[in-house]
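Note sheet for the following structure.
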Amino acid sequence: MDSKPLLVVITGPTAVGKTAVSIALAKALDTVILSADSRQFYAELNIGTAKPDAAQFSEVQHYFVGQLSIHDYYNVARYEADVLQLLPSLFEKHPVVLMVGGSGLYIDAVCRGIDDFPDPTPELRNYLKGILADEGISKLQDLLQQHDPAHMLEVDIANPKRLLRALEVCMTTGKPYSEQRMNQSKARDFRVVKIGLNLPRAELFARIGQRVDQMMVAGLLEETKQFIPLRHLNALNTVGYKELFTYLDGEVSLERAVENIKTNTRRYAKRQLTWFKRDMEMKWFEPHQTAEILDLCIQDY
RNA sequence: GGUGUCGUAGCUCAGUCGGUAGAGCAAUGGACUGAAAAUCCAUGUGUCACUGGUUCAAAUCCAGUCGACACCA
C-alpha cells in the first residue's frame with residue numbers, strides 16, 4: 001500500500017448536507033477538517049454562510065473557518081499555499097485528513113495546483129476596472145488582443161473578469177498570459193479521494209428553501225444590517241447578504257428578497273454541480289450514505 | 001340560484017382581422033487558474049379547461065359542461 005497520507009475531499013452543492021457527513025466521518029476517522037468554503041473563511045460572516053455550529057466545532061477541530069476578516073484580501077493561490085503549509089503537520093498526527101467545502105476552484109488548487117502568477121495589484125486592477133467602466137468591454141478585448149492574441153481565441157471574451165485578469169498577468173509580467181498557463185497538475189505528497197455529495201434536484205431545492213428560512217429565523221437580517229457600511233467588500237458579494245441589502249435599500253419587499261436568496265442559492269448549487277460533474281475523479285454519494293463513504297476512506301489507507 | 005368576467009408554458013400574462021402560439025420570471029445545459037457563494041454563455045418549456053358546432057382553416061366565432069373570481073339574490 002502507498003505510504004502517502006490521504007486527503008479525503010467532501011464536496012457537493014450548497015445545502016446538500018456536507019457538514020453533517022464530514023463531522024461524522026471526522027469522528028469515525030479521528031481526524032480534523034479543513035474547510036474549502038470561500039465564504040466560511042470570514043470571521044464576521046456567520047449565519048449567512050451556514051458555518052458549523054458550536055457543538056460541531058467542539059467535536060472536531062476545524063481549520064480555515066473564520067481565519068480571515070472581511071476586510072482582508074485573499075485569493076485561491078494563497079489558500080493553496082496556506083493548506084500546503086499546514087497539511088504536513090496534520091498528517092503527522094492523522095493518516096487521513098478531511099477537506100470539506102463547495103468552492104470547486106479552491107479544491108482544485110489544493111489537489112492539482114495552480115500556476116504561479118503574480119497577485120493582482122490594486123492600482124492595476126482599478127485602472128483596468130476604470131477602462132471597463134468608461135470604455136466598455138470591447139476596450140478590454142482590444143487590449144488583450146494586443147497583449148495576448150492567442151488567449152483571445154480561448155478566453156470567454158464576454159466575461160470582463162476573465163479579460164481583466166489575463167490583462168493583469170500580461171501587464172505585470174510583460175509576457176502573454178497564455179504562455180504562462182501550464183495547466184498541468186502539480187505533484188503532491190499526499191493522495192486524494194474525492195467524494196461528491198448530491199441529491200435529487202427537487203430534494204436539494206427543498207433543502208435550500210428550508211435552510212434559507214432557518215437563516216432568517218436565526219437572524220440573518222440583523223447580521224446583514226451591521227454590514228451596510230461595508231457592503232462594497234468582496235466578501236459581502238455573497239448570496240444571502242446581497243439580496244437583503246436590496247431590501248434594506250427599500251428596493252424590494254422582505255418577502256421578495258428572501259425569495260431572491262432562494263433563487264440565487266439554487267443557481268449557485270447548479271453552478272457548483274456543473275463544476276464538480278466534469279471531475280472524473282469524483283465518487284458520488286447521497287449524504288445519508290455515511291457508512292459507504294467511510295468504507296471507501298478506510299479501504300484506501 | 002341569477003348575472004357578469006375569466007380559464008393559454010412551472011408562475012404572471014400577451015396573442016391584432018379566424019391561418020395550430022410568445023414575453024417576463026422560474027427552470028435547464030455549459031464555461032471557469034489570484035473577485036469563484038464571484039463572473040460569463042446558451043436554451044426551450046404547450047391536450048390554448050373540456051365536449052360539440054360553424055368554417056378550407058378555431059386559442060380566436062357559437063352552444064353546452066366544468067372550474068375560478070366578482071356582483072346580485
Side-chain angles (χ1 to χ4, degrees), chain A residues 11-16 18 35-42 45 47-51 68 70 72-82 101-122 124-126 128-129 132 137 140-141 151 154-169 172-173 177-186 201-202 204-205 208-209 211-212 215 220 232-244 252 256 259-279:
Chain A
T11 190
T14 188
V16 78
K18 296 185 291 295
S35 170
D37 183 308
S38 71
R39 290 303 187 265
Q40 289 186 5
F41 296 159
Y42 297 102
L45 307 185
I47 298 170
T49 59
K51 278 181 185 164
L68 298 176
I70 55 176
D72 293 334
Y73 174 77
Y74 201 66
N75 64 45
V76 62
R78 293 185 183 188
Y79 178 74
E80 179 199 19
D82 289 345
S103 300
L105 178 65
Y106 283 65
I107 292 169
D108 284 355
V110 170
C111 296
R112 294 202 253 270
I114 195 164
D115 286 317
D116 190 22
F117 294 126
D119 271 3
T121 66
L124 181 56
R125 178 154 289 191
N126 287 333
L128 291 169
K129 277 183 181 175
L132 176 64
I137 195 165
L140 292 185
Q141 293 167 348
H151 192 53
E154 298 173 1
V155 73
D156 178 358
I157 61 168
N159 190 329
K161 290 194 180 186
R162 296 279 130 67
L163 299 176
L164 206 144
R165 177 60 191 154
L167 276 170
E168 281 178 349
V169 173
T172 52
T173 62
Y177 175 78
S178 57
E179 282 181 15
Q180 302 174 74
R181 229 187 82 192
M182 297 296 107
N183 207 12
Q184 283 179 341
S185 292
K186 292 183 188 168
R201 190 64 61 98
L204 179 65
F205 282 9
I208 286 171
R211 196 174 69 174
V212 171
M215 285 179 178
L220 182 59
H232 59 281
L233 296 173
N234 177 58
L236 290 168
N237 186 190
T238 296
V239 174
Y241 302 100
K242 60 181 176 181
E243 294 83 2
L244 288 180
V252 300
R256 183 71 248 167
E259 279 309 305
N260 289 342
I261 295 174
K262 292 176 182 175
T263 297
N264 288 331
T265 305
R266 291 195 293 267
R267 289 174 173 167
Y268 170 49
K270 202 160 82 65
R271 275 180 271 129
Q272 288 176 298
L273 283 166
T274 299
W275 182 287
F276 299 134
K277 273 188 288 188
R278 70 176 177 174
D279 189 337

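Below, all heavy atoms of this structure are taken into account, side chains as well, without hydrogens, waters or symmetry copies. Letters A, B, ... are given to chains in the order of the sequence lines, protein chains preceding strands, and every chain is numbered from 1. This is a predicted model, so every value here is computed, not measured.
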Can you find a side chain N or O atom of [X] that sits less than 4.0 Å from OP1 or OP2 on [N]?
{"X": "A:Arg112", "N": "B:U33", "answer": "no"}
{"X": "A:Arg201", "N": "B:A27", "answer": "no"}
{"X": "A:Tyr74", "N": "B:G34", "answer": "no"}
{"X": "A:Tyr73", "N": "B:A35", "answer": "yes"}
{"X": "A:Thr274", "N": "B:G30", "answer": "yes"}
{"X": "A:Arg165", "N": "B:G34", "answer": "yes"}
{"X": "A:Lys277", "N": "B:G30", "answer": "yes"}
{"X": "A:Asn234", "N": "B:A36", "answer": "yes"}

What is the nucleic acid contact for [X], judged by heavy atoms within less than 4.0 Å: base, sugar-phosphate only, or nothing?
{"X": "A:Tyr177", "answer": "sugar-phosphate"}
{"X": "A:Asn183", "answer": "base"}
{"X": "A:Gly48", "answer": "base"}
{"X": "A:Asp108", "answer": "nothing"}
{"X": "A:Thr238", "answer": "base"}
{"X": "A:Asp115", "answer": "base"}
{"X": "A:Asp116", "answer": "base"}
{"X": "A:Thr265", "answer": "nothing"}
{"X": "A:Phe205", "answer": "sugar-phosphate"}

Distances for protein N/O vs nucleotides 40-42 of chain B N/O pairs under 3.5 angstrom?
from: B:C40; atom 1: O4'; to: A:Asn159; atom 2: ND2; distance (Å): 3.1
from: B:C40; atom 1: O2'; to: A:Asp156; atom 2: OD1; distance (Å): 3.3
from: B:C40; atom 1: O2'; to: A:Asp156; atom 2: OD2; distance (Å): 2.7

Fill in the dot-bracket string of RNA chain B, one character per base: . for unpaired, | for a pair to another strand, ( ) or [ ] for pairs within the strand, taking Watson-Crick or G-U pairs under 3.5 Å. (((((((..((((.....[..)))).(((((.......))))).....(((((..]....)))))))))))).

Can you measure [X] atom [atom1] to [N] atom [atom2] for me and round it to whole angstrom units?
{"X": "A:Asn75", "N": "B:A35", "atom1": "CG", "atom2": "P", "value": "6 Å"}
{"X": "A:Ile70", "N": "B:A35", "atom1": "CD1", "atom2": "P", "value": "18 Å"}
{"X": "A:Arg267", "N": "B:G30", "atom1": "CZ", "atom2": "C1'", "value": "15 Å"}
{"X": "A:Tyr106", "N": "B:U33", "atom1": "OH", "atom2": "P", "value": "13 Å"}
{"X": "A:Asn264", "N": "B:C25", "atom1": "CG", "atom2": "C1'", "value": "13 Å"}
{"X": "A:Ile114", "N": "B:A36", "atom1": "CD1", "atom2": "C1'", "value": "10 Å"}
{"X": "A:Ile137", "N": "B:U39", "atom1": "CD1", "atom2": "C1'", "value": "10 Å"}
{"X": "A:Trp275", "N": "B:A36", "atom1": "CH2", "atom2": "C1'", "value": "7 Å"}

[atom1] spacing across the pair [N] / [M], given as an integer number of angstrom:
{"N": "B:G29", "M": "B:G64", "atom1": "C1'", "result": "46 Å"}
{"N": "B:A59", "M": "B:C48", "atom1": "C1'", "result": "5 Å"}
{"N": "B:G1", "M": "B:A57", "atom1": "P", "result": "38 Å"}
{"N": "B:G53", "M": "B:U60", "atom1": "P", "result": "14 Å"}
{"N": "B:U45", "M": "B:A21", "atom1": "C1'", "result": "13 Å"}
{"N": "B:U33", "M": "B:C40", "atom1": "P", "result": "15 Å"}
{"N": "B:G22", "M": "B:U65", "atom1": "C1'", "result": "30 Å"}
{"N": "B:A49", "M": "B:G30", "atom1": "C1'", "result": "38 Å"}

Syn or anti for B:G34, taking syn as within 90° of 0? syn

Does a side-chain N-to-carboxylate-O contact under 4.0 Å join A:Glu168 and A:Arg165? yes

State plainly whether the residues A:Lys51 and A:Asp37 are in salt-bridge range, i.e. N to O under 4.0 Å. no

Can you tell which of A:Thr238, A:Thr265, A:Asn264, A:Thr263 makes a side-chain hydrogen bond (donor to acceptor under 3.5 Å, both in side chains) with A:Glu243? A:Asn264

Contact nearer the 5' end of RNA chain B, comparing A:Tyr268 with A:Gln184: A:Gln184

Does any non-hydrogen side-chain atom of [Y] lie less than 4.5 Å from one of [X]?
{"X": "A:Thr14", "Y": "A:Arg211", "answer": "yes"}
{"X": "A:Leu236", "Y": "A:Leu45", "answer": "yes"}
{"X": "A:Thr11", "Y": "A:Phe276", "answer": "yes"}
{"X": "A:Leu273", "Y": "A:Arg201", "answer": "yes"}

Sequence neighbours left out, what passes ring-ring contact (aromatic ring centres under 6.0 Å, His included) with [X]? Give chain and number order.
{"X": "A:Tyr268", "result": "none"}
{"X": "A:Tyr241", "result": "A:Phe227"}
{"X": "A:Phe117", "result": "A:Tyr177"}

Might you work through the side-chain hydrogen bond (donor to acceptor under 3.5 Å, both in side chains) test for A:Thr173 and A:Gln180, ending with a clear yes or no? CA-CA 10 Å; A:Thr173 62; A:Gln180 302 174 74; 2.9 Å; yes

Considering non-hydrogen atoms only, spot the tightest contact between A:Arg266 and A:Phe205 and give its length. CD-CD2, 3.3 Å

Going by atom type alone, with no hydrogens or angles, which donor-acceptor pairs under 3.5 Å involve a side-chain atom of residues 107-115 of chain A and a protein atom two or more places apart or on another chain?
from: A:Asp108; atom 1: OD2; to: A:Trp275; atom 2: NE1; distance (Å): 3.2
from: A:Asp115; atom 1: OD1; to: A:Met182; atom 2: N; distance (Å): 3.4
from: A:Asp115; atom 1: OD2; to: A:Met182; atom 2: N; distance (Å): 2.8
from: A:Asp115; atom 1: OD2; to: A:Asn183; atom 2: N; distance (Å): 3.4

